[in-house]
Amino acid sequence: MTLAAPESIGGAAALEQQIDGFMMRMAAQSPGETEFHQAVHEVVKSVMPLVQSKRAYREAKVLDRMVVPERVIMFRVVWADDAGQVQVNRGYRVQMSSLIGPYKGGLRFHPSVNLGVLKFLAFEQVFKNSLTTLPMGGAKGGSDFDPKGRSDAEVMRFCQAFMSELYRHIGPDTDVPAGDIGVGGREIGFLFGQYKRLTQRFNGTLTGKNVFWGGSNLRPEATGYGCVYFAGDMLSTRGESPKGKTALVSGSGNVAQYTVEKLNNLGAKVITMSDSDGTIVDADGINNDKLAWVLELKNVRRGRIREYVDHFKGAKYLAGKRPWGLPCDLAFPSATQNEIDEDDARQLVKNGCYCVSEGANMPSRPEAVEVFLNAKILYGPGKAANAGGVAVSGLEMNQNSGCMKRSRDDVDAQLRAIMHSIHENCVKYGQQNGFVNYVLGANTAGFVKVADAMVHQGYM
Ligand code: NDP
């Protein structure tokens, strides 16, 4: 079925009609995939005027094609828990686009994983990867497996069972998975070990590997550091920097941890971290000594963030709450999708927040995004602000194929340069009456390269 209208029509009302019509048809083709619809809607709102104004895009039906994955792989994952009980999970890989490079994107292990969530993440990944300027297509995968509370041996057996099917669909020139929620260094190690056993190949098929066996320096830090660099670039448009600012961070996983570290190193004060059970508030700031304790808690002991207040007596725990009700200058949502709703956004703006840099993917609901844009604050959407992780993954692929290793300083310099160029592209494409709309900028800059490649490569 054709989704985009064949001819350009003018006027704001007509444009609305085109967007609504496209979304209705697209939603009918992917029923129930609400997160995917949300992600597509955000991009289509930004790029429909461009698509309608460019004959080559209309004729090639670029939008119709971009919302259909090139391939979806779904499989059964069967493994045995420590009690010898058989466990059954669902495994997925959504290979969305290989237009500008091999499929690239993380694996998520979380009970909320389903096809719609992974299609949203894969769709976002296409434009994010395009923004990095590196040759990477877009994909995402994962499972509804929950690593929380599982022993290392159970996680290993699950990873081995998952890779026993996935390995035939991936490779250094075809599809290169990485980590995401629930998939960190431990899981990448088990997945890589099984990939190697099955293929008899040591190559760069997975990124996020340990730095001693093929990983890149600074990959664990890259998403968080990059997100803070992006915030720094946004602040610099107002002659400011993170120094001396108060920041809220959500989450306490990989992205949150290194967001806090970089903010500390740049002289900001971070007063919150969270997990899905609640938020800790430390008015004195979560300095790097306290952060080292959090890293041990989360990455080694695999505990819960509420334990922070037992250890650091001045801190408070807000059970069941997110951080967004507190006064701050900067906010870094770094946990999961849709973690900021309209009320949270209003509260943030009312309490003085004027810069939001998204470490998580699509953490702000559409109504929250509207609040930020209407308030004209500095709002960096995830596909731009959190692209540092996949950018350093791209550098890891590059190092693996060249059998070489870059120093920490070298990778950091490249990460800074890539985040800076993403920011410049957002500014270039996001101008709106003197205001930089980073959503428009990121969507358009990411889209143009993919759409042009689609036109150049013919029907596929
Ligand atoms: P981790 O698994 O390391 O940490 C996730 C954190 O978010 C945990 O604190 C977790 O708490 C919390 N969280 C997860 N789900 C929910 C939920 N439904 N409600 C509230 N809190 C939740 O993941 P990452 O740090 O790697 O990923 C965080 C975000 O960043 C995700 O949106 C991911 O897609 C995005 N991202 C990650 C990149 C990377 O390089 N890792 C790259 C780009 C984006 P709990 O322990 O209670 O589940």
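Every number for a ligand or one of its atoms is a count from 1 in the order of the listing. Along the sequence shown, residues are numbered consecutively beginning with 1.
Residue, atom and distance of the protein heavy atom nearest to atom 2 (O) of ligand 1 are Gly182 N, 2.9 Å.
Contact analysis leaves Ala178 out of contact with ligand 1, as no non-hydrogen atom separation drops below 4.0 angstrom. Contact annotation: Gly359 has at least one heavy atom less than 4.0 Å from an atom of ligand 1. Using a 4.0 Å cutoff on heavy atoms, Glu339 does not count as a contact of ligand 1. Within the structure, the closest approach of His110 to ligand 1 falls below 4.0 Å when heavy atoms are considered. Heavy-atom distances between Gln257 and ligand 1 stay at or above 4.0 Å for every pair.
Atoms of ligand 1 lying under 4.0 Å from any heavy atom of Gly251, numbered from 1 in the order shown and given with element: 9 (O). Below 4.0 Å from some heavy atom of Arg219 lie the following atoms of ligand 1, by number and element: 40 (O).
The N/O atoms of Ser276, backbone and side chain alike, include one that comes under 3.5 Å of an N/O atom in ligand 1. Ligand 1 has a nitrogen or oxygen under 3.5 angstrom from a nitrogen or oxygen of Asp180. Polar contact with ligand 1: present for Arg304 (N/O pair, distance under 3.5 Å). Backbone and side-chain nitrogen or oxygen atoms of Gly389 are examined, and none is located within less than 3.5 angstrom of a nitrogen or oxygen of ligand 1. By the 3.5 Å distance cut-off applied to N or O atoms, Lys298 is not counted among the residues near ligand 1.
The salt bridge (Lys or Arg N to Asp or Glu O under 4.0 Å) check on Asp173 picks up nothing, with sequence neighbours excluded. Lys140 is linked by a salt bridge (Lys or Arg N to Asp or Glu O under 4.0 Å) to Asp180, counting only residues two or more places apart in sequence or in another chain.
Distance remark: protein heavy atom not present below 4.0 angstrom from atom 10 (C) of ligand 1.
Within the 4.0 Å heavy-atom criterion, neither part of Pro363 lies near ligand 1. Contacts between Gln337 and ligand 1, counted as non-hydrogen atom pairs separated by less than 4.0 Å, are absent for every part of the residue. In Ser274, the part holding a heavy atom less than 4.0 Å from any atom of ligand 1 is the backbone. When non-hydrogen atoms are compared, ligand 1 lies under 4.0 Å from the side chain of Thr223 (C-beta onward) but not from its backbone.
One finds the OH atom of Tyr308 at 14.0 Å from the OH atom of Tyr317 (value rounded to the nearest 0.5 Å).
Under a cutoff of 6.0 Å and an axis angle of 45°, Arg301 and Trp293 form a cation-pi pair.
For the residue pair Asn361 and Lys383, no side-chain donor N or O sits within less than 3.5 Å of a side-chain acceptor on the partner.
Scanning both residues, Glu70 and Ser97, for their nearest heavy atoms gives OE2-CA, 3.3 Å.
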